[in-house]
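A short worksheet on the structure shown next.
Just so it is clear, the structure is predicted and the values come from calculations on it, not from any experiment.
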Amino acid sequence: HAAAEVNFNYYSYLPIAFAVFALIGLCCGDSLPSLPRQVRTGALVVSAALLLVFAVLLGRNLQAESVFLKNPTFSGLVEAAKLDVFEGTDYKLSYVTNAGDPDLDAEIRQQADLYAEELSELNSNIVPLYLAEYYLRIDRVERAFEMVEKYVNYVSSDSNTWQQAFNLLQRFEQDSDVYRTGVAKIARMLEDWNAENMGEITVSADVQEFIARMAA
């Protein structure tokens, strides 16, 4: 059962398995006597074409992994992201999370900003948190708070979401109006969620102290 679960949960297995079964059925004309030969031939061609397309994309996926293993640098991540349709987002996110040094080369910073903007359009339960950290590291505070808001909105019923969001903000604490305002807004969002929903989400004592300190 465990071996079967590994196969079924791997994205490349099911399309290939179903395509193989389709090809077997379509190639054996006697198994589908009610269908005209032209229909069977057309279905066979379509199935084979789809399988070929998927095989090409899977090949690019494996090639991307090989490219990055041979060249685990920013340029390797860019090349892998271009090749891989299935996991290109992961390479882009890796690029962004490793580009948090504000003193990086301008070309790397420009590429990281492009990837970050692209990734910010995704609806994800974790990507906005990574983007928020990236923006905090390069001192784009307002953009960071936008990502934090998106993160807590997407998984607002999970107490760990709020805890992680405040932990991140606490790590990059700043004594500025923009920062204090942003923290206060996230805190109000938590209060509003507790007021509008059953149950109550709480955060740790040090986070509560952090919120109070920002409010003061």
Is there side-chain contact between Asp139 and Gln174, with heavy atoms separated by less than 4.5 Å?
yes
Non-hydrogen atoms of Ala64 and Asp84 that approach each other most closely
CB-CB, 3.8 Å
Can you confirm whether Ile186 sits close enough to Leu190 that some side-chain heavy atom of one is under 4.5 Å from a side-chain heavy atom of the other?
no
Heavy-atom check, side chain of Asp158 versus side chain of Val155, under 4.5 Å:
yes
What donor-acceptor contacts under 3.5 angstrom involve side-chain atoms of residues 108-116, with partners at least two apart or in another chain?
{"unit_1": "Arg109", "atom_1": "NH1", "unit_2": "Ala99", "atom_2": "O", "d": "2.7"}
{"unit_1": "Arg109", "atom_1": "NH1", "unit_2": "Tyr134", "atom_2": "OH", "d": "3.0"}
{"unit_1": "Arg109", "atom_1": "NH2", "unit_2": "Ala99", "atom_2": "O", "d": "3.1"}
{"unit_1": "Arg109", "atom_1": "NH2", "unit_2": "Asp101", "atom_2": "O", "d": "2.4"}
{"unit_1": "Asp113", "atom_1": "OD1", "unit_2": "Tyr134", "atom_2": "OH", "d": "2.6"}

Could you report the tightest heavy-atom contact between Gly76 and Val67, atom names first, then the distance?
O-CG1, 4.2 Å
Could you tell me whether Lys150 and Glu146 have a side-chain N and a carboxylate O separated by less than 4.0 Å?
no
Given side chains that start at C-beta, do those of Gln170 and Met214 come closer than 4.5 Å, heavy atoms only?
no
Would you call Tyr151 and Gln164 a side-chain contact if the rule is heavy atoms closer than 4.5 Å?
yes
Is Val46 reachable from Val56 through a run of I, L, V, M, F, W or Y residues, each pair having side-chain heavy atoms under 4.5 Å apart?
no
With a 6.0 Å cut-off on ring centres, are Phe54 and Phe86 close enough?
yes
Exercise: do Asn71 and Glu79 side chains pair donor with acceptor under 3.5 Å
no
The residue among Asn167, Asn160, Thr161 that forms side chain to side chain donor-acceptor pair (under 3.5 Å) with Gln163 is Asn167
Compare every heavy atom of Phe145 with every heavy atom of Gly182, then report the nearest pair and how far apart it is.
C-CE2, 3.3 Å
What's the shortest heavy-atom distance between Leu119 and Val96, and which atoms?
CD1-CG2, 4.2 Å
